[in-house]
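Let me begin by presenting the structure, written as structure tokens, before commenting on it.
Convention: sequence-line order gives letters A, B, ...; per-chain numbering from 1. Computation of the quantities below employed the complete heavy-atom set of this structure, encompassing side-chain atoms and omitting hydrogens, waters and symmetry-equivalent molecules.
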Amino acid sequence: MKLSSWNVNSLKVRLPQVVDWLKLNQPDVLCLQETKLQDAHFPVDEIAEIGYHAIFSGQKTYNGVALLSKVNTDTDYCTALPGLNDPQKRLIAATCNDIRVICIYVPNGERVDSEKYSYKLEWLKALTSFLQEERKRHSKIALLGDFNIAPTSSDVYDPPAWEGKVLCSAPEREAFQQLLATGLVDSFRLFTQPPGTYTWWDYRMMSFRRNHGLRIDHILISAEMAHSCTRCWVDIAPRKLERPSDHAPITAELSL
DNA sequence: ATGGCCAGCATCGCTGGA
């Protein structure tokens, strides 16, 4: 079972890249963030043509998530965090085979002194409560997506420059630990990884060429599944293409 | 030394991302 996640920054622009990437990599599930598409415009047919079923929760201009799957996926999926009256489309959860797959697009947070930052922390708190509930019904959980949090200084190209800034602040990192505390592990850190592995690079300042990146996209899996995780890696190939997303896809392989 | 982009929506500048 291969589970992947990719913030595509507009599925309209990136659809050809997503189709090519799926053909080449053949994950069982691909979670997408920032589709920026209303549901009526979702490219269901193009995705079906290459053997994937799509469920999605989108809106105009901003946000939007989708879950593409080759394996049996329930039709009774979830698209909102309970207890949070939020018009922003940032979550989609479904059971794929017997794994509860939760695709998330965590709010960016703008700046630590902003209202968007408070909303981010609130959203993360609601997500933690949701996970505690999900855990009661599902033993195998995978939480994938754009977390907009670099968990440690090892996940940042220039830790002093990012100290205390949004994506790296202590409350955000604490919120990340709270997610883990619901019984999840960071699949990426189950393995020795090349130093300087990131998932996002700013479009400006030649950041990708200089590998000035952050690791803010993650795949967390139930601690009970850790032993069956055989690999986790970031594929930077799509970031090298013409008109790339600013994020690279991440994949975890499970021997299930 | 500084600052550099990109997508969408609606125009010919803004919002938002991270």
So what does [X] hit on the nucleic acid, given a heavy-atom distance under 4.0 Å: a base, only sugar-phosphate, or nothing?
{"X": "H247(A)", "value": "sugar-phosphate"}
{"X": "N108(A)", "value": "base"}
{"X": "N63(A)", "value": "nothing"}
{"X": "Y105(A)", "value": "sugar-phosphate"}
{"X": "E110(A)", "value": "nothing"}

- Item | Minimum-distance nucleotide (side-chain atoms of L167(A) versus dT15(B), dA18(B), dG4(B)) | dA18(B)
- Looking only at dC9(B), dG8(B), dA18(B), the nucleotide nearest the R204(A) side chain is dA18(B)
N or O in side chain of [X] less than 4.0 angstrom from [N] OP1/OP2:
{"X": "R14(A)", "N": "dA7(B)", "answer": "yes"}
{"X": "K116(A)", "N": "dG17(B)", "answer": "yes"}
{"X": "R243(A)", "N": "dC5(B)", "answer": "no"}
{"X": "N148(A)", "N": "dA18(B)", "answer": "yes"}
{"X": "S10(A)", "N": "dG8(B)", "answer": "yes"}
{"X": "Y203(A)", "N": "dG3(B)", "answer": "no"}
{"X": "N7(A)", "N": "dG17(B)", "answer": "no"}

- Pairwise 5' ranking along DNA chain B for Q88(A) and K36(A), keeping only the more 5' one: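 Nearer the 5' end of the strand: K36(A).
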- Query: If each of R210(A) and Y62(A) is mapped to the nucleotide of DNA chain B with the nearest heavy atom, which maps nearer the 5' terminus, i.e. the 5' end?
  - Reply: R210(A)
[atom1] atoms of [N] and [M], separation to the nearest Å:
{"N": "dC6(B)", "M": "dT2(B)", "atom1": "P", "result": "23 Å"}
{"N": "dA7(B)", "M": "dA18(B)", "atom1": "C1'", "result": "14 Å"}
{"N": "dC14(B)", "M": "dA10(B)", "atom1": "C1'", "result": "9 Å"}

- Query: Are E224(A) and K140(A) close enough for a salt bridge, meaning some N to O gap below 4.0 Å?
  - Reply: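 Answer for the salt bridge query: no.
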Separation of atom [atom1] in [X] from atom [atom2] in [N], rounded to whole Å:
{"X": "M205(A)", "N": "dG4(B)", "atom1": "CE", "atom2": "P", "result": "8 Å"}
{"X": "Y198(A)", "N": "dA18(B)", "atom1": "OH", "atom2": "C1'", "result": "15 Å"}
{"X": "D246(A)", "N": "dG17(B)", "atom1": "CG", "atom2": "P", "result": "12 Å"}
{"X": "E34(A)", "N": "dG16(B)", "atom1": "CD", "atom2": "P", "result": "13 Å"}
{"X": "N9(A)", "N": "dC9(B)", "atom1": "CG", "atom2": "C1'", "result": "15 Å"}
{"X": "H212(A)", "N": "dG3(B)", "atom1": "NE2", "atom2": "P", "result": "16 Å"}
{"X": "L37(A)", "N": "dC9(B)", "atom1": "CG", "atom2": "C1'", "result": "14 Å"}
{"X": "D202(A)", "N": "dG4(B)", "atom1": "CG", "atom2": "C1'", "result": "10 Å"}

Any side-chain heavy atom of [X] within less than 4.5 Å of one from [Y]?
{"X": "N108(A)", "Y": "E110(A)", "answer": "yes"}
{"X": "N9(A)", "Y": "R14(A)", "answer": "yes"}
{"X": "I149(A)", "Y": "D155(A)", "answer": "no"}
{"X": "R215(A)", "Y": "R189(A)", "answer": "yes"}

- Query: Under 3.5 Å, side chain of T128(A) to main-chain N/O of L124(A), donor-acceptor pair present?
  - Reply: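 Yes, because the side chain of T128(A) sits within donor-acceptor range (under 3.5 Å) of the backbone of L124(A).
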- Query: Side chains of S169(A) and Y117(A): donor-acceptor distance under 3.5 Å anywhere?
  - Reply: yes
